[in-house]
Each structure stands twice: as C-alpha cells, then as structure tokens.
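The chain is numbered in sequence order, starting from 1. On a predicted model such as this, the values are computed, not experimentally measured, just so you know.
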Amino acid sequence: GTGVSIGDQLSVLPQFRAPPTQAASTGIGLGAPGQVGLNLLDLRGMGTTRTLVLLNGRRLVSSSQSVAQPDTNTIPTALLQRVEVLTGGASAIYGADAIAGVVNFVLKDNFEGVSVRAQVGASDKNDAKSGSASITVGQNFEGGRGNVAASFEAAKRDGLRYFDRAFSVGQAQFVPNPNAGQPGEPSQIQVQDLRLLSNSTGGTLPYGPPFYRFAPNGTLNPANTGARALLNLGISEGGDGLSTVTYNSLLPSNERQSLNVLGRYELSERATAFAHLTAMNQRSQAFTSPNTNQLTLSKTNPYLSSQALGVLNSYGPTATLPTFIVVRASEDLGVVAEAAKRETLRGLVGVKGALNSNWSYELSASYGRTGVA
C-alpha cells in the first residue's frame, strides 16, 4: 500500500478491477468495515471473494474480519519472483472462491546475498509523500541443498484529502434527469459540484423550498443553490449546501512493517522440507464527511440574532411555532474517520518431492491470524 504496492501495480492490468488500489479502500461505509488501507484483488469485477490469492500455491490468512481476502501488502516484494494469473474455467478447480480466477505469487527459494532497497516519492504538489525501505539477506548451505532467507520491509505514506485538490473539492455525478421522457432529453444528466439542499455546515432549515441557511455571523439567509436546484433529488449544482466529498480521503495514510523468513532443506532426493514465517504490523486511516444532526431549537434561544428571529417569525413553516428544526453538519466537531491497526502472523511448514517421473507430492500445515483494532 505504500511505496511500491503490488496491488496497485496489478490494478493496471485489464483483467483486474479498481478495488485492488489503496484509493479504493477509502470508501468508508460503502463496503465491509475495517478495509481501509487494504489492497484486495478483484478479477473481472466479480468481487474480491471470488478471486483466490495464493502464495507459492498455498492459501493465505485473510486480512479483514469481514471479507475472506488477504492483503497483498503481506507479500514480501524483495523476494517476489513472478505473479501467475489464471482466469477462465480452469480456475474453478480451486472452488467457489476462485470463480473469477487465481492469483499466485511465487517467491524465490534460492536467494543468496544481501539486497538493500530504498525509495522516496511525492506528488507534483509536494504532498502525499511516501517512502519505503527493505533489507533482504539469504544464504545457501551444504552445496545448495538448503537455503534460508529473511526480508524486512518498512513503508509509510501520507494521506491525501479531497479538499487538497481543486478538481475534487466538488463532486461530479450522473443523476436521474427530471425531464426524462421528453423529446431530446437523456435519462441521466451530469451535475457538477453536487450539494445537498437540506444540509450545510452552518445549519439549514429543511422546510424548503425555499431553504434558509445560517451564515457564520448568525444571520439566516436564503440558500444559495448555485447553477440550478434539482428539488426532486434534494440537491443543487453548486451553492452553499453540504458537499458529500469535500472532507473525504482520496488516499488513506498507511504505515507498515513486515518480516518474512523462508527456509528449505533437501532431506533426500525425494523429499524437501520447507518453512515460511510472516509477521506484519500495519496502521491505516481515512476520513469521510462530518456527522449530521437534526436539532430542534427554541425561538427563545439567546444565541439567535434579531435578524434570524425575524426570518423565523415571517417564514411560513416556522412563523407560528415556538420551535424550529435545523439540519447541521458539525465539521467544527471533527469528521468521521476509520482507523485500523492490523497485526498479521502466519507460519507454514511442509515437505514436498517427486515419487517418480509422473508423480509428485506436497504436504504442508499452516497457521495464520490477523488481529484488527
């Protein structure tokens, strides 16, 4: 997820859908909880639970408490030899979780020497900074019968928010066309800078139209609906209503450290023992919109300005009532965030070999667990 991300690299291949990327993990509330910062693989857009992810042909522990899918950040980049992608009917032999396909990460089993890698980066705006470093050591012994290798990786990336970019402060979205069905009218139209009519950070009287909003100086004024108001959808194009994306994360912040230790030893011509230990710690965080509250206030509230009280007493829905309703997005109290701390541990031992030129075998046992807090 930070520095070089295997999942982000795979996402550029046409057979993968967008969810492998870190950016796609910031949709708080749109998917299963606890997925912020994950790189999940989704072949052919059939869903992450239909893509089987293997390491050296063996299953991995899930990285989410809600979705049975491993995080590709647990794969040791420095020891990666190749990635095998199998799609089509052949992958179904692995079971229902491989209907879309199988992605198999194959690691080097004869790494020898020392490898040190480091990189830093930033956007052209000098933000969303990232950095990663790894050190890998390996050694063959007894004439190549055995090999042991260890790789430690650390990476960190700063988050990026929608309000950090001019192109993303306002949300552009296709919505149903109120004039659909009339000659020359499409079924969908695009709205630039989508805003909610009945909500704002200062507070909105949700009785409209017309809508009234509280300004920072305490006055109560007609809502600015921008280029146009789509009353049937409760939105406007521009204006001073609440934008549903302004405070969201474009990229989550992510920090991780991982250790992988691999070993193999040729017991005989027909038996090779192997083992693999993975330990990883990862912290991720993403932000979304502020909490929205519907408040019932009294006209005797001492903080009401005389101008606001005058509007309330002359506005049809509130003129004869002692109280009024305000819908307010409380940005001054902070915005909703999702933070996850993951600790992943996996151990594997086994033996494999060839019985003859036509028959081979492999026996292995693994244990894995992921703790999310």
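For Q69 (side chain) and T48 (main-chain N/O), a donor-acceptor pair under 3.5 Å exists by modelled atom type. With hydrogens and angles ignored, the 3.5 Å screen pairs a side-chain donor or acceptor of T51 with a backbone N or O of L43. Side chain of N199 to main chain of G241: no donor-acceptor pair is present (N/O by atom type, distance under 3.5 Å, no hydrogens or angles). The main-chain N or O of N293 is never found under 3.5 Å from a side-chain atom of R328 such that the two would form a donor-acceptor pair. Using modelled atom types, no side-chain atom of R256 and backbone atom of N281 make a donor-acceptor pair closer than 3.5 Å. When atom types are taken as modelled, the side chain of S249 and the backbone of P252 share no donor-acceptor pair closer than 3.5 angstrom. N301 contributes a side-chain N or O that, together with a main-chain N or O of Y303, makes up a donor-acceptor pair within less than 3.5 Å. Under the 3.5 Å distance criterion, the side-chain polar atoms of D158 are left unmatched by any main-chain donor or acceptor of D127. A donor-acceptor pair under 3.5 Å is formed between the side chain of T370 and the backbone N or O of S62. Under a 3.5 Å cut-off, the side chain of S314 and the backbone N or O of G310 do form a donor-acceptor pair.
Salt-bridge formation is not detected for the pair D164/K125: no Lys NZ or Arg NE/NH1/NH2 atom is positioned less than 4.0 Å from an Asp or Glu carboxylate oxygen.
To the nearest 0.5 Å, atoms CZ (R283) and CG (N254) are separated by 11.5 Å. Atom CG of residue L160 and atom CG of residue L250 lie 5.0 Å apart, to the nearest 0.5 angstrom. Taking CG of L295 as the reference point, atom CZ of F324 lies at 9.0 Å (rounded to 0.5 Å). Taking CZ of R117 as the reference point, atom CD of E153 lies at 7.5 Å (rounded to 0.5 Å). Atom CD1 of I189 is separated from atom CG of N179 by 7.5 Å, given to the nearest 0.5 angstrom. To the nearest 0.5 angstrom, I325 atom CD1 is 12.5 Å from T204 atom OG1.
Y247 and S289 make their closest contact through CB-CA, 4.5 Å (heavy atoms, listed as atom of the first residue, atom of the second, distance). Among all heavy-atom pairs drawn from S284 and V36, the shortest one is CB-O, 3.6 Å. Taking both residues in full, the closest heavy atoms of G368 and V61 are given as C-CG2, 3.6 Å, listed atom of the first, atom of the second, then distance. Contact record, V372 with A340: CG1-CB, 4.4 Å, taken as the closest heavy-atom pair. Nearest heavy-atom pair across T201 and L242 is CG2-CD1, 4.1 Å.
A search for side chain to side chain donor-acceptor pair (under 3.5 Å) contacts involving S236 returns nothing, not counting sequence neighbours. Under the rule for a side chain to side chain contact (heavy atoms under 4.5 Å, CB included), the partners of Q139 that lie at least two apart in sequence or sit in another chain are E112. Under the side chain to side chain contact (heavy atoms under 4.5 Å, CB included) criterion, D109 pairs with R264, not counting sequence neighbours. Legend: residues meeting side chain to side chain donor-acceptor pair (under 3.5 Å) with N291, ordered by chain and number and at least two apart, are absent. Residues passing the ring pair (Phe, Tyr, Trp, His ring centres under 6.0 Å) test with Y212, sequence neighbours excluded: Y315.
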T74 and Q282: CA distance, side-chain angles, deciding distance, side-chain contact (heavy atoms from CB on, under 4.5 Å) verdict
CA-CA 10 Å; T74 61; Q282 181 174 232; over 6 Å; no
Audit row: V103, L54, side-chain contact (heavy atoms from CB on, under 4.5 Å) steps and yes/no
CA-CA 6 Å; V103 182; L54 303 175; over 6 Å; no
Going through the checks in order, is the side-chain contact (heavy atoms from CB on, under 4.5 Å) test met by Y265 and V148?
CA-CA 9 Å; Y265 184 73; V148 62; over 6 Å; no
Let me check something: any side-chain donor-acceptor pairs from residues 166-176 under 3.5 Å, sequence neighbours excluded? List them with distances.
{"residue": "S168", "atom": "OG", "partner": "Y162", "partner atom": "O", "Å": "2.7"}
{"residue": "S168", "atom": "OG", "partner": "R165", "partner atom": "O", "Å": "3.3"}
{"residue": "Q171", "atom": "OE1", "partner": "T244", "partner atom": "OG1", "Å": "2.7"}
{"residue": "Q171", "atom": "NE2", "partner": "Q173", "partner atom": "OE1", "Å": "2.6"}

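Neither side chain, N147 nor K108, offers a donor N or O lying under 3.5 Å from an acceptor on the other.
Through chains of ILVMFWY side-chain contacts below 4.5 Å, L348 is grouped with F274. Alongside L197, the hydrophobic cluster contains F211, L231 (criterion: ILVMFWY side chains under 4.5 Å).
A side-chain hydrogen bond (donor to acceptor under 3.5 Å, both in side chains) check over residues 184-196, counting only residues at least two apart or in different chains, returns the pairs N177-E185, Q190-Q192, D193-R195. The side-chain hydrogen bond (donor to acceptor under 3.5 Å, both in side chains) pairs that include a residue from residues 354-367 are R58-E362, where partners are two or more places apart or lie in different chains. Judged as a salt bridge (Lys or Arg N to Asp or Glu O under 4.0 Å), the pairs with a partner in residues 133-151 (not counting sequence neighbours) are, in order, E142-R145. Sorted by first and then second residue, the salt bridge (Lys or Arg N to Asp or Glu O under 4.0 Å) pairs with a member in residues 228-238 read R228-E237; sequence neighbours excluded.
Other residues, nucleotides and ligands place no more than 12 heavy atoms under 6.0 Å from the NZ atom of K129.
The shortest distance between side-chain heavy atoms of L205 and L220 falls below 4.5 Å.
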